[in-house]
Amino acid sequence: MPIEESKVIWMDGKLVPWHEANVHVLTHGLHYGSGVFEGIRAYKTPQGSAVFRLRDHVDRLYASAHIFLMEIPYPKETIAEAIRAVVRENDLEECYIRPIVFMGYGEMGLNPLACKSSVAVAAWPWGTYLGEEGMAKGIRLKVSSWVRHNPNSLPPAAKGTGMYMNSSLAKVEAVKAGYDEAILLSPQGYVSECTGENLFVVRKGRVITPPTSAGALEGITQSSVVALAADLGYTVEADNLLRSDLYTADEIFLCGTAAEVTPATSVDDRVVGDGKPGSFTKAIQQGYFAAVHGQSDKHRDWLDYVG
Ligand code: PPE
């Protein structure tokens with residue numbers, strides 16, 4: 001789906017018209033993937049638009065930059081305000097927000113620190129990531145032949161732009177084979193995550209999500225799901241899962257800012273449960289959408305109003 005353009009983008013300290021937020025073709029980040037980014041959503045609530053878990057996303061952006069020794073030349077509050085500003089100034093009630101920090105134009109060669117970093121924050125309307133039908137009825141997953149990078153090759157705690165070549169290989173393979181999304185295994189053979197989502201498995205009364213040591217990103221939606229599961233009386237375990245645990249799961253769902261909470265109904269053509277989104281998955285979906293839309297008193301602190 002083509003990007004639905006909005007009016008302005010925050011770039012290096014100011015709001016510029018959408019089509020003027022450009023970079024030089026010799027930008028370091030374009031050649032070597034030297035950048036870090038976030039994916040955030042803002043939702044409509046009875047009190048106006050609110051950014052979901054803004055502080056946590058800003059903190060993770062700075063943590064990603066820290067891992068790569070990249071400097072973000074602004075205090076966190078400036079980036080938080082830039083995020084609110086792109087929602088407000090583009091008159092977007094609900095949108096996806098993409099902050100990116102990347103090494104700019106200046107020098108070539110593998111040492112990115114010789115270049116200056118640039119920061120941009122864009123926002124645009126972005127509907128259901130894995131399709132309305134997938135959200136309602138569940139999606140078909142395929143375990144990828146591509147393995148999630150070793151944490152000592154690329155640190156999964158960082159959301160580095162170049163790291164996503166691994167996810168793209170897996171996504172293209174799955175889509176070309178007729179599936180909706182891929183699951184990557186760790187180099188040790190444990191279930192890691194999907195190309196842009198964390199995974200949850202319900203099996204024999206346990207709710208399990210793979211640990212960061214299996215190469216999964218420390219997802220903000222994942223941590224929201226852990227809290228929502230606790231509201232339902234379930235304790236989520238971070239534990240290693242085998243490929244066969246997926247085949248014999250009672251329920252599987254994916255979660256992420258873009259994908260929100262999406263049920264999965266088969267893995268490698270093995271039907272999960274009864275082939276329909278399960279009751280736990282549906283309860284989490286409901287709790288998630290209530291929270292993001294400001295309909296949950298308990299989780300109001302997850303919302304940051306745009307004003
Ligand atoms: N794992 C990966 C690899 C990942 O990229 C994401 C977010 C998650 C897990 C879930 O993290 P969180 O959003 O904090 O719950 N993926 C972002 C990028 C998607 C894209 O297509 O680009 C997102 O969901 O915004």
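Remember, it's 1-based here, ligands and their atoms both numbered in the order they're listed.
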*For ligand 1, which atoms, with element, lie under 4.0 Å from some heavy atom of K159?*
4 (C), 5 (O), 6 (C), 7 (C), 16 (N), 17 (C), 18 (C)
*Does any donor atom in the side chain of T212 or E218 lie under 3.5 Å from an acceptor atom in the other side chain?*
no
*asked:* Using a 4.5 Å cut-off between side-chain heavy atoms of Ile, Leu, Val, Met, Phe, Trp and Tyr, which other residues end up in the same hydrophobic cluster as F280?
replied: Y43, F52, M135, F200, V202, V207, V225, V226, L228, L232, Y234, V236, F253, V261, I284, Y288, F289, V292, W302, L303, Y305
*Does at least one non-hydrogen atom of I40 fall below 4.0 angstrom from an atom of ligand 1?*
no
*Have a look at Y164, Y96, F37 and point out the one with the heavy atom closest to atom 5 (O) of ligand 1.*
Y164
*asked:* Among D269, D180, D268, exactly one meets side chain to side chain donor-acceptor pair (under 3.5 Å) together with R140. Which residue is that?
replied: D269
*Return yes or no for this condition: an N or O of T257 is under 3.5 Å from an N or O of ligand 1.*
yes
_Tell me which one of R53, R55, R60 satisfies salt bridge (charged side-chain N to carboxylate O under 4.0 Å, His left out) with E38._
R60
*What atoms of ligand 1 come within less than 4.0 Å of a heavy atom belonging to I220?*
12 (P), 14 (O), 15 (O)
*asked:* Main chain of T257, side chain of R41: is a donor-acceptor contact present, judged purely on distance under 3.5 Å?
replied: yes
*With a 4.0 Å cut-off on heavy atoms, is R60 touching ligand 1?*
yes
*Under 3.5 Å between some N or O of ligand 1 and some N or O of E193?*
yes
*Is the shortest distance from a heavy atom of R98 to ligand 1 less than 4.0 Å?*
yes
*Could you establish whether R53 and ligand 1 come within less than 4.0 Å of each other, counting only heavy atoms on the residue side?*
no
_Side-chain (N198) to main-chain (G256) donor-acceptor, under 3.5 angstrom_ = no
*Going by the order shown, which atoms of ligand 1 are within less than 4.0 Å of some heavy atom of L217?*
1 (N), 2 (C), 4 (C), 6 (C), 8 (C), 9 (C), 11 (O)
